[in-house]
There are 2 protein chains.
Amino acid sequence: MIHVFKKYLIDKITITDEEWALFEQYGVMKKLRKHQYLLQEGDVWKLNAFVCQGCLRKYHVDDKGIEHIVFFSIENYWTGDRESLLSGLPAKSNIDAIEDSVVLLYSIENFELIKSKIPAFKDFVIGLLERSFVVSQNRVHSFISQTAEEKYLDFIKTSPQIAKRVPQHMIASYLGISPETLSRVRKSAVKK
Amino acid sequence: MIHVFKKYLIDKITITDEEWALFEQYGVMKKLRKHQYLLQEGDVWKLNAFVCQGCLRKYHVDDKGIEHIVFFSIENYWTGDRESLLSGLPAKSNIDAIEDSVVLLYSIENFELIKSKIPAFKDFVIGLLERSFVVSQNRVHSFISQTAEEKYLDFIKTSPQIAKRVPQHMIASYLGISPETLSRVRKSAVKK
DNA sequence: GAAAAAACTTGACAAATATCAAGAGGGATC
DNA sequence: GATCCCTCTTGATATTTGTCAAGTTTTTTC
């Protein structure tokens with residue numbers, strides 16, 4: 001299953017066989033069954049996780065027990081709780097598998113080590129972070145300016161692969177609207 | 001005015017006099033009068049801007065001509081349009097001064113040059129980006145889970161310095177609510 | 001310091017969205 | 001293949017928030 005990561009990596013940067021050996025050496029593969037947790041609220045997150053197969057979600061649970069999904073990760077996405085990673089404090093979020101999944105884990109120490117040994121990888125990770133920030137900012141913009149319908153149409157346009165495989169009520173959660181509203185939005189959007 | 005940046009910098013990382021000279025050499029100071037643009041939609045953004053004094057906002061204008069504020073930057077904050085910077089495409093956002101302001105500008109080429117010459121600075125910028133991403137994600141979380149009142153109370157708690165100096169209707173825009181709703185929220189929140 | 005502009009508040013009403021409740025459909029499981 | 005669970009839909013109603021309009025207060029400008 002590590003070939004998924006290798007393909008991803010060589011598609012982004014040029015690396016030697018010796019360098020690739022580092023990724024193989026330090027990476028730990030983990031299988032997750034549907035509904036299984038990768039991170040539970042209260043635990044400290046100390047990893048970087050690359051999704052080789054499947055689909056995961058990161059979410060918060062509020063006082064009323066309602067789940068709010070912050071993001072989805074499918075194949076070739078990274079996941080984790082950067083806030084806990086940076087602060088060393090217990091995570092406020094949960095990450096679990098929506099489908100049976102396979103993730104490749106790097107402890108933060110090993111990840112830093114690899115970055116220091118492979119400057120091109122470090123630069124790639126910086127670029128990734130920069131793009132992630134832009135995506136996040138655009139999502140903020142969508143929340144302050146769009147209606148439920150606009151957010152949904154935007155979502156299926158920008159994330160069709162995720163829209164297809166994730167249950168509708170989770171998409172509603174991700175968009176910050178109720179499942180009923182999403183159902184109605186879809187119905188009326190089809191007509192147009 | 002560059003002393004503001006120097007203070008900021010030596011507070012974060014240890015640098016030599018020679019290294020500081022780079023920042024002085026490449027930085028361009030720019031004064032902005034209130035309402036003056038630092039970036040206008042349609043222009044390509046190629047800088048990194050550090051705010052030495054004043055307050056700026058980054059915002060988008062929608063089809064109806066309504067401004068949606070994505071973020072505020074005061075002293076010791078950075079601003080810019082990373083999306084345009086990364087893509088090389090015209091910016092979709094505007095940045096202007098809410099107060100008379102002074103910003104320190106680095107062209108992206110010079111900024112990269114400095115980062116390559118001062119690894120500690122490069123690492124600091126990465127950490128900054130990581131924290132910015134976390135802040136942005138938390139803001140997304142606030143949008144999917146909080147009411148207008150909760151968002152406002154959260155805002156004045158986490159950004160009291162900004163809440164104090166920015167007009168209320170701009171805070172409303174930043175929170176994604178109407179000025180009238182914010183006015184009512186404030187009124188009812190005071191009672192509690 | 002007067003005039004003009006901008007910012008804020010308030011009320012009445014409209015629209016969007018949430019909530020609650022019931023039921024229908026589809027897929028997993030034994 | 002029957003049962004159960006999960007998901008989605010739909011209707012009725014409640015709540016939140018937005019819109020429009022007017023008036024008041026505050027700030028800016030000359």
Side-chain angles (χ1 to χ4, degrees), chain A residues 33-36 54-55 57 59 62-69 72 96-101 142-156 162-192, chain B residues 32-36 54-55 57 59 61-69 72 96-101 142-156 162-192:
Chain A
R33 306 229 25 217
K34 187 174 175 175
H35 298 134
Q36 191 178 344
C55 184
R57 62 176 178 157
Y59 63 98
D62 70 16
D63 318 328
K64 294 173 194 152
I66 299 168
E67 297 171 352
H68 301 280
I69 298 176
F72 298 107
D96 69 13
I98 297 178
E99 309 169 1
D100 290 350
S101 303
S142 128
F143 278 115
I144 62 181
S145 63
Q146 294 184 315
T147 64
E149 177 168 332
E150 288 167 337
K151 284 189 282 183
Y152 174 67
L153 294 176
D154 231 51
F155 174 70
I156 55 174
I162 294 175
K164 262 178 245 158
R165 61 204 278 189
V166 168
Q168 201 170 300
H169 69 275
M170 290 193 188
I171 295 176
S173 170
Y174 178 84
L175 297 176
I177 60 181
S178 70
E180 294 93 338
T181 295
L182 180 55
S183 176
R184 290 176 179 117
V185 155
R186 279 165 51 87
K187 191 180 176 185
S188 81
V190 167
K191 289 185 192 160
K192 293 176 186 169
Chain B
L32 293 169
R33 306 229 23 219
K34 186 175 175 173
H35 298 135
Q36 192 178 342
C55 183
R57 62 175 178 157
Y59 63 99
V61 181
D62 70 16
D63 318 329
K64 295 175 193 153
I66 299 169
E67 298 171 351
H68 301 280
I69 299 176
F72 298 106
D96 69 12
I98 298 178
E99 309 170 359
D100 290 351
S101 303
S142 128
F143 278 115
I144 61 182
S145 63
Q146 294 184 315
T147 64
E149 178 167 331
E150 289 168 337
K151 284 189 282 183
Y152 174 68
L153 294 177
D154 230 51
F155 174 71
I156 56 175
I162 294 175
K164 261 178 245 156
R165 61 204 280 190
V166 168
Q168 201 170 300
H169 69 276
M170 290 193 188
I171 295 176
S173 171
Y174 178 84
L175 298 176
I177 60 181
S178 70
E180 294 92 339
T181 294
L182 179 56
S183 177
R184 291 179 179 116
V185 156
R186 279 165 52 87
K187 192 179 176 185
S188 82
V190 167
K191 287 183 191 161
K192 295 176 187 170

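Values reported hereafter were calculated over all heavy atoms of this structure, with side chains retained and with hydrogens, waters and symmetry mates removed. The chains referred to below are lettered A, B, ... by the order of the sequence lines, with proteins before strands, and numbering in each begins at 1.
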- Hey, can you tell me if Tyr174(B) and Phe155(B) have their rings parallel, tilted or perpendicular (30° and 60° cut-offs)? tilted
- Query: In whole angstroms, how far is the C1' atom of dT7(D) from the CD1 atom of Ile171(A)?
  - Reply: 12 Å
- Item | Integer-rounded Å distance: dT29(C) C1' and Lys34(A) NZ | 13 Å
- Query: What's the CD1-P distance between Ile177(A) and dT9(D), to the nearest Å?
  - Reply: 12 Å
- When you look at CZ of Arg165(A), are more than 12 heavy atoms from neighbouring residues, nucleotides or ligands closer to it than 6.0 Å? yes
- Length of the CZ-P vector between Arg186(B) and dA7(C), whole Å: 15 Å
- Item | N or O in side chain of Ser178(A) less than 4.0 angstrom from dA18(C) OP1/OP2 | yes
- DNA chain D: 5'-proximal contact among Arg33(B) and Ile66(B) (nearest heavy atom): Ile66(B)
- Interatomic distance, His169(B) NE2 vs dC8(C) C1' [rounded to whole Å]: 10 Å
- Query: Using a cut-off of less than 4.0 Å, is there contact between a side-chain N or O of Gln168(A) and OP1 or OP2 of dC6(D)?
  - Reply: no
- Task: Could you please name the option among dT10(C), dT7(D), dT17(D) that lies closest to any side-chain atom of Ala148(B)?
- Result: dT17(D)
- Is the distance from OP1 or OP2 of dT9(D) to the nearest side-chain N or O of Ser183(A) less than 4.0 Å? yes
- Main-chain N/O of His68(A) paired with Ser145(B) side-chain donor or acceptor, under 3.5 Å: no
- Query: In whole angstrom, what separates Lys187(B)'s NZ from dT16(D)'s P?
  - Reply: 17 Å
- Task: Could you check whether Leu182(B) gets within reach of a base, just the sugar-phosphate, or nothing at all, counting any heavy atom under 4.0 Å?
- Result: nothing
- note: Arg184(B), atom CZ; dT15(D), atom C1'; distance rounded to Å ~ 15 Å
- Task: Check whether any side-chain N or O of Thr147(A) sits under 4.0 Å from OP1 or OP2 of dA16(C), and answer yes or no.
- Result: no
- Give a yes or no on whether a donor-acceptor pair under 3.5 Å exists between the nucleobase atoms of dC8(C), that is its base, and the side chain of Glu180(B). no
- Item | Rounded distance (Å) that lies between atom P of dA18(C) and atom CD of Glu149(A) | 14 Å
